[in-house]
Amino acid sequence: MEKLILNVIHRPEMVPEYAEKVTGHGKEEDISRESLLTESLDIFKTQQEIAHKNGLKTTIQMTYASLFNEEAVALAKEHHSVYGDEISLSLLGLPCEEFRNKYKTKDFCIWMFSMEDKKAIVKDVFEKFYEKFGFYPESTGSYYIDAELMNYIKEKYPTVKCAVATCWEEGPKAYHTCNNSWYTLFDGGPWNPWIPSKQNIHAPAANEQEDSGVVAIPHLSRDLMACFDGNGSNFGTHPQNVLRGMIYDSETWEYPYLYNLIDQYRNLAKYNKGYCYNMMFVGPGWMNKMGRWEAPYELLLKSYEDGMAYYGKLKEEGKLQEMTMSEFADHYRATHTYQQPECALWRDILYGSDKQYFWYADPYMRTCLDMNQGGAMIDLRPYVAKLEWPVGIGTKHIQDASYPFLIQANYRAGYFTHYAGEGTIKSLKVRYEGEEVDLCLCRTKAHYAGEGTKHIVTLDPVTVEFADLSVTIVSKFIFDEGSSKVEIVREVVDSSNPESKVEFNEYITACYGTTEYPEDMSHIILSVSNKDTKETLEYAYKCREGELEQAESVSAIIPEIETKVEILTEDSSQVGYYREGYAFSPMFTLGMKKEIQKGQVMRTWLSLEKVN
């Protein structure tokens, strides 16, 4: 197992988010307030001191505001010389008097500006950086950088090789827990570093032609279960998240969850050829002297000291290697191929349940299997489409930078428990003499195995019981590098009556979107085909169905996200079908059915394809 690779990224954010209101004590807003600037710089110094004390070098992402502060610039130069810290450039921390006077706005999210303004801001910030340091940075970052802007940065400033490019699952859930006021919507990206494509920052490049020229890293390493199920801002390896989520002992000020979360990232080496990664990306705003999230300054400080001490201990034990961002970019490219996926068999470390998720991301898809629902697919993003999705003022997506889903079980119901309709999910239904059971109701556990280019998830057997028959089923999901297909194998390994046959119904219920709210489905085309016949339906919310014997394919084409989703089989005994939804349940269902008995297998492929 390789050492855990760690990026520690600090930014001297002279006007930190939220901090002006706290420091100002109710006074009229003044982002040039001396007390604000002094405290912000003091906190940055403290963060740097804590990292260095534990033998950890950092990446210092200079903000635009900090470039006007001679002490901040001098500190960066000193720490680069003494500790080997990288001097980098952040596209966060734009607000300052100079910026507001020039751009006449309080906007501070680079991706939300018009493209014209984005280019002007990048030029201002990069040239100011060069003026102060005599070179251009090798890394940059923001909460999110859209592909169009990243391509521009790489073209104009080719020294940039690494960027903080998105937050993992910073979408509607975070928006709602911020009282509907946090307009940063970018669900659907990778949770670990990737090489982004030129077309869409979320979607990894499949080859050199698609390569944007940078290695992207996420903003914070987050809990891949708690963040999907709840607010991502509460569950991450940044102590700020743990305190915000109140996941600590209020009497002892201890937070074992933080260390368990770091260790779970170390554990990902088992599923990624020995590679594991973690990152910390912080500004000073969360550690101000007035306290945050009901936590006093003393606890804020202690949590950061303890977190850095844990990383320092791992380094002393030879289990961790910290890198600057540019160093990591070189390392990543030297050790990864374009087709190499990210795999994560993730378990619940917060609530003490036996729940497991399996996450998989490559240039063609991002998906998640939920073992509490029999291995049902609860998230699916069609990266294969490399969907161009311009963001910011002047585009159709001013704030919503999320990569669209086909399945998102939290936003679109998942296994449905209401009196009508369906939710997005991919699962197996088992039918016998008028009774039907969905494997979503059967809890199981998963086991991972890597065999060459194949990544195999095998589920523990589950037993489905009918009135006078029980059958035991083993499911297997096979992901193959370089393929936009997932092979799904269902086998009856035991039966109370080996001669009895049950019907397997391998199905996907899907739609498209980025939020909880439905999109227009009327352009979707559903079809089922065999070697002789093809039946097609244009979606019109009429609840229609189509079915075909000896099916080879059943598919849906969704023009709005340039995606074709398809279930394929090589077994001529299967029956293919599609089902159109209706206005109250705006989904579509694709499926294959087959009668099966003990010792037999049903094999299908879930395929994604780009369509224009």
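Start at 1 with the first residue, then count along the sequence. Note that these values count all heavy atoms, side chains included, but never hydrogens, waters or copies made by symmetry.
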message = More than 12 heavy atoms of other residues, nucleotides or ligands under 6.0 Å from CD of Q209: yes or no?
response = yes
* To do: Ignoring hydrogens and angles, tell me if any N or O in the side chain of N234 forms a donor-acceptor pair with the backbone of N241 under 3.5 Å.
  => no
> Given L258 and D306, is the side-chain contact (heavy atoms from CB on, under 4.5 Å) satisfied, shown in steps?
Replying inline: CA-CA 10 Å; L258 174 62; D306 290 349; 5.9 Å; no
Checking K198, K154, R333, K386 against D211 for salt bridge (Lys or Arg N to Asp or Glu O under 4.0 Å), the one that qualifies is R333
Check: Between S221 and M279, is there a donor-acceptor pair closer than 3.5 Å when you use the side chain of the first and the backbone of the second?
Finding: yes
- Query: Is the side chain of D249 donor-acceptor paired with the backbone N or O of T252 at a distance under 3.5 Å, no angle test?
  - Reply: yes
Check your understanding: Is the closest side-chain heavy-atom distance between K53 and M308 below 4.5 Å?
Key -> no
Checklist line | Donor-acceptor contact present, side-chain D187 to main-chain G171, <3.5 Å | finding: yes
**Asked** Under 3.5 Å, is there a donor-acceptor pair linking the side chains of T472 and T463?
**Response** yes
* Asked: Does a side-chain heavy-atom distance below 4.5 Å link Q61 with V164?
  -> yes
Next item on the list: Measure from the ring center of F328 to the ring center of Y277 and say whether it is less than 6.0 Å.
Entry: yes
*Donor + acceptor pair across side chains of N192, Y265 (<3.5 Å)*: no
Is it true that, when you exclude E388 itself, more than 12 heavy atoms of the residues, nucleotides or ligands shown sit nearer than 6.0 Å to its CD? no
* Asked: Just checking, is any N or O donor in the side chain of H331 or Q321 under 3.5 Å from an acceptor N or O on the other one?
  -> no
Would you say the ring centroid of W191 lies under 6.0 angstrom from that of W346? no
Worksheet item: Taking the side chain from Y143 and the backbone from T184, do they hold a donor-acceptor pair closer than 3.5 Å?
Response: no
Start with the C-alpha gap between V457 and Y360, add the side-chain angles, then the distance that decides, and say whether side-chain contact (heavy atoms from CB on, under 4.5 Å) holds. CA-CA 10 Å; V457 180; Y360 178 89; over 6 Å; no
Those residues at least two apart in sequence (or on a different chain) that pass salt bridge (Lys or Arg N to Asp or Glu O under 4.0 Å) with E487 are R603
Would you say the side chains of H176 and N231 form a donor-acceptor pair under 3.5 Å?
no
Can you see whether Y311 engages N278 through a side-chain donor-acceptor pair at a distance of less than 3.5 angstrom? yes
Requested in this report: Return yes if some donor-acceptor pair links the side-chain N/O of N200 with the main-chain N/O of A147 below 3.5 Å, else return no.
Outcome: no
Looking only at side-chain N and O atoms, does D146 offer a donor or acceptor that is under 3.5 Å from a partner on W389? no
- Quick one: does D85's side chain get under 4.5 Å of H10's, heavy atoms only? no
Practice item. Establish, yes or no, whether the cationic atom of R11 lies under 6.0 Å from the six-membered ring centre of F281 and within 45° of the ring axis. Key: yes
From the list I9, V160, T140, V215, side chain to side chain contact (heavy atoms under 4.5 Å, CB included) partner of M325 resolves to I9
Under 3.5 Å side-chain donor-acceptor pair for Y364 and K485: no
Do K476 and I456 come close enough that some side-chain heavy atom pair is under 4.5 Å?
-> yes
One should read off an interatomic distance between S250 OG and L299 CG, to the nearest 0.5 angstrom, of 10.0 Å
Next item on the list: Run the numbers on E506 and R490 for salt bridge (charged side-chain N to carboxylate O under 4.0 Å, His left out), then give the verdict.
Entry: CA-CA 9 Å; E506 185 73 54; R490 312 283 192 178; 2.7 Å; yes
> Does E49 CD have over 12 foreign heavy atoms under 6.0 Å away?
Replying inline: no
Practice prompt. Given salt bridge (charged side-chain N to carboxylate O under 4.0 Å, His left out), test E327 with K161 step by step and report yes or no.
Written response: CA-CA 9 Å; E327 288 172 343; K161 62 174 74 171; over 6 Å; no
Exercise. Go through D362 and Q339 one step at a time and tell me if the side-chain contact (heavy atoms from CB on, under 4.5 Å) criterion holds.
Key: CA-CA 7 Å; D362 70 8; Q339 301 299 332; 6.0 Å; no
From the list R244, M280, K302, E305, side chain to side chain contact (heavy atoms under 4.5 Å, CB included) partner of P239 resolves to M280
Looking at the rings of H397 and F186, which for Trp means the six-membered one, are their centres under 6.0 Å apart? no
Short side-chain to backbone donor-acceptor contact, E86 and S326, under 3.5 Å: yes
Enclosure of K355 NZ (heavy-atom neighbours >12, cutoff 6.0 Å): yes
In this structure, OG1 of T237 is separated from CD of Q264 (nearest 0.5 Å) by 12.0 Å
I60 and H79 have their tightest heavy-atom pair at CD1-CB, 4.0 Å
### Query
Can you tell if the side chain of T177 reaches within under 4.5 Å of the side chain of S233, non-hydrogen atoms only?
no
* Test log, rule salt bridge (charged side-chain N to carboxylate O under 4.0 Å, His left out), inputs E322 and K57 -> CA-CA 7 Å; E322 93 280 22; K57 62 185 172 185; 5.4 Å; no
Output for pair (C109 SG, L92 CG), nearest 0.5 Å, gives 7.5 Å
**Asked** Do H455 and Y448 have side-chain N/O donor and acceptor atoms under 3.5 Å apart?
**Response** yes
K3 (side chain) donor-acceptor with L320 (main chain) under 3.5 angstrom:
no
Partner of H202 under ring-ring contact (aromatic ring centres under 6.0 Å, His included), picked from F405, Y144, W194, W168, is Y144
* To do: Flag the pair Y411 / T424 as yes when at least one side-chain heavy-atom distance between them is below 4.5 Å, and no otherwise.
  => no
Given 3.5 Å as the limit, does a donor-acceptor pair link the side chain of R366 with the main chain of G189, or not?
yes
- [ ] Measure up the F358 and F479 rings against each other and bin them: parallel (under 30°), tilted (30 to 60°), perpendicular (over 60°).
- [x] tilted
Separation between OG (S475) and CG (L439), nearest 0.5 Å, reads 5.5 Å
Residues T58 and Q48: side-chain donor-acceptor under 3.5 angstrom:
yes
Exercise for review: Dump the intermediate steps for salt bridge (charged side-chain N to carboxylate O under 4.0 Å, His left out) on E317 and R266, then the final yes or no.
Suggested key: CA-CA 14 Å; E317 294 172 350; R266 294 172 59 207; over 6 Å; no
Practice item. Could you verify whether a donor N or O on one side chain and an acceptor N or O on the other, from D370 and Y415, lie under 3.5 Å apart? Key: no
Margin query: Would you say D223 and Y257 are linked by a side-chain donor-acceptor pair, where the criterion is simply a distance under 3.5 Å?
Written below: yes
ask   = Would you say V282 and Y304 make side-chain contact, with heavy atoms under 4.5 Å?
value = yes
Between T367 (side chain only) and D379 (backbone N and O only), is there a donor and an acceptor less than 3.5 Å apart?
yes
Exercise for review: Just do the side-chain contact (heavy atoms from CB on, under 4.5 Å) check on I153 and V214 with the steps written out, would you?
Suggested key: CA-CA 10 Å; I153 291 171; V214 301; over 6 Å; no
